[in-house]
Colleague: 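Take a look at the following structure, please.
Note that this is a predicted model, so its numbers are computed, not measured.
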Amino acid sequence: MRISQLQKQFGLSANTIRYYESQKMLSPVPRSESGYRVYQQKHVAELQFIIRCKELGIPQSTVKQMIDTLQRQQPLCQEKRTLFEQQVANIEDKIANLVFIRDELHELLQLCDGRHDEHTCSLTSALLAGQ
């Protein structure tokens, strides 16, 4: 399989696929006699794995760690579980932070009736006062 076929299948650029290869997120890719990369089914599976992890918001460094365990041919379930648990904790922290920000914005909105100019706007005043 050529890189152009992977591009079409996954909607990735050739540069992105080569980048994953350069970062050793893909198994070594054999080359044809003419020097073209020849991707195999395992590369398709690895790309699917990378894309799905990216969709789940898993950082590239974590994806790389998980791929390393897969490429060792002896993936340790507990290692992957720990990485996923860390990702869940990171997401929960982000959610808590977003909820805090949302609540702060709601409080600021309560100060504003939308009828004042820039100089008398209670939102501006509150932000200038550090609220």
Side-chain angles (χ1 to χ4, degrees):
M1 180 179 291
R2 287 245 172 105
I3 200 165
S4 60
Q5 293 168 300
L6 291 177
Q7 286 178 267
K8 288 177 189 171
Q9 183 174 347
F10 294 107
L12 299 172
S13 70
N15 285 340
T16 298
I17 296 168
R18 286 188 204 106
Y19 173 77
Y20 291 148
E21 183 183 353
S22 73
Q23 297 301 304
K24 300 192 185 328
M25 295 174 75
L26 294 178
S27 298
V29 180
R31 297 197 179 242
S32 67
E33 287 183 19
S34 56
Y36 290 102
R37 291 172 174 86
V38 180
Y39 295 92
Q40 300 165 344
Q41 189 57 41
K42 68 180 174 181
H43 300 111
V44 170
E46 290 166 348
L47 281 171
Q48 287 172 327
F49 183 84
I50 292 166
I51 290 167
R52 184 63 180 132
C53 287
K54 189 174 179 182
E55 290 170 348
L56 292 171
I58 298 172
Q60 183 175 319
S61 59
T62 303
V63 175
K64 173 76 172 93
Q65 288 177 293
M66 288 189 285
I67 288 172
D68 288 345
T69 66
L70 290 171
Q71 290 175 346
R72 279 193 308 232
Q73 305 265 329
Q74 295 177 337
L76 300 175
C77 186
Q78 184 56 46
E79 285 182 57
K80 287 192 291 271
R81 181 177 174 82
T82 299
L83 293 171
F84 272 77
E85 287 170 343
Q86 291 169 348
Q87 182 62 14
V88 169
N90 290 341
I91 290 170
E92 287 173 348
D93 288 345
K94 288 178 184 177
I95 290 170
N97 189 42
L98 287 171
V99 167
F100 175 79
I101 292 169
R102 182 203 59 202
D103 292 347
E104 291 285 315
L105 289 170
H106 278 301
E107 286 181 31
L108 286 169
L109 282 171
Q110 296 300 316
L111 300 174
C112 179
D113 61 10
R115 298 183 196 155
H116 296 67
D117 65 23
E118 181 181 333
H119 301 292
T120 59
C121 176
S122 53
L123 285 174
T124 303
S125 300
L127 291 171
L128 289 171
Q131 291 182 325

Colleague: Between Gly57 and Gln87, which heavy-atom pair has the shortest distance, and what is it?
Modeller: O-NE2, 2.6 Å
Colleague: Could you tell me which non-hydrogen atom of Ile91 sits nearest to which non-hydrogen atom of Leu56, and how far apart they are?
Modeller: CD1-O, 4.1 Å
Colleague: As a test of understanding, state which of Val99, Asp93, Ile101 forms a side chain to side chain contact (heavy atoms under 4.5 Å, CB included) with Asn97.
Modeller: Ile101
Colleague: Starting from the C-alpha separation in whole Å, work towards a yes-or-no answer on side-chain contact (heavy atoms from CB on, under 4.5 Å) for Lys54 and Val63.
Modeller: CA-CA 8 Å; Lys54 189 174 179 182; Val63 175; over 6 Å; no
Colleague: Is there a path of hydrophobic side-chain contacts, each under 4.5 Å between heavy atoms of I, L, V, M, F, W or Y residues, that connects Leu12 with Met1?
Modeller: yes
Colleague: Does His43 use its side chain to pair, donor to acceptor, with the backbone of Pro28 at less than 3.5 Å?
Modeller: yes
Colleague: For the side chain of Gln5 and the backbone of Arg2, is there at least one donor-acceptor N/O pair under 3.5 Å apart?
Modeller: yes
Colleague: Got more than 12 heavy atoms from elsewhere within 6.0 Å of CZ, Arg81?
Modeller: no
Colleague: Could you go through the side-chain contact (heavy atoms from CB on, under 4.5 Å) check for Tyr36 and Ile3 one step at a time?
Modeller: CA-CA 9 Å; Tyr36 290 102; Ile3 200 165; over 6 Å; no
Colleague: Between atom OG of Ser27 and atom OH of Tyr39, what is the distance when rounded to the nearest 0.5 Å?
Modeller: 11.5 Å
Colleague: How many angstroms lie between CD in Glu46 and OH in Tyr20, if you round to the nearest 0.5 Å?
Modeller: 12.5 Å
Colleague: Could you walk me through whether Arg18 and Glu21 pass salt bridge (charged side-chain N to carboxylate O under 4.0 Å, His left out), step by step?
Modeller: CA-CA 5 Å; Arg18 286 188 204 106; Glu21 183 183 353; over 6 Å; no
Colleague: Let me see the working for Leu26 and Ile17 under side-chain contact (heavy atoms from CB on, under 4.5 Å), right down to the final yes or no.
Modeller: CA-CA 9 Å; Leu26 294 178; Ile17 296 168; 4.3 Å; yes
Colleague: What distance separates Met66 CE from Met25 CE, expressed to the nearest 0.5 Å?
Modeller: 8.5 Å
Colleague: Whether the Tyr19 and Gln60 side chains hold a donor-acceptor pair (N or O, under 3.5 Å, no angle test) is what I'd like checked.
Modeller: yes
Colleague: Minimum heavy-atom separation for Gln7 and Ala14, please, with both atom names.
Modeller: NE2-N, 3.4 Å
Colleague: What is the minimum heavy-atom distance between Arg31 and Val38, and which atoms define it?
Modeller: C-CG2, 4.2 Å
Colleague: If you compare all heavy atoms of Val44 against all heavy atoms of Phe10, which two are closest, and at what distance to 0.1 Å?
Modeller: O-CZ, 3.6 Å
Colleague: Before you tell me yes or no, could you show the steps for Gln48 and Ile51 under side-chain contact (heavy atoms from CB on, under 4.5 Å), namely the whole-Å CA-CA distance, both residues' side-chain angles and the distance that decides it to 0.1 Å?
Modeller: CA-CA 5 Å; Gln48 287 172 327; Ile51 290 167; 5.9 Å; no
Colleague: Working to the nearest 0.5 Å, report the span between CD of Gln86 and CD of Gln65.
Modeller: 7.5 Å
Colleague: Rounded to the nearest 0.5 Å, how far does NZ of Lys64 lie from CD1 of Ile58?
Modeller: 15.5 Å
Colleague: Asp68 and Lys24: which non-hydrogen atoms are nearest, and at how many Å?
Modeller: OD1-O, 4.5 Å
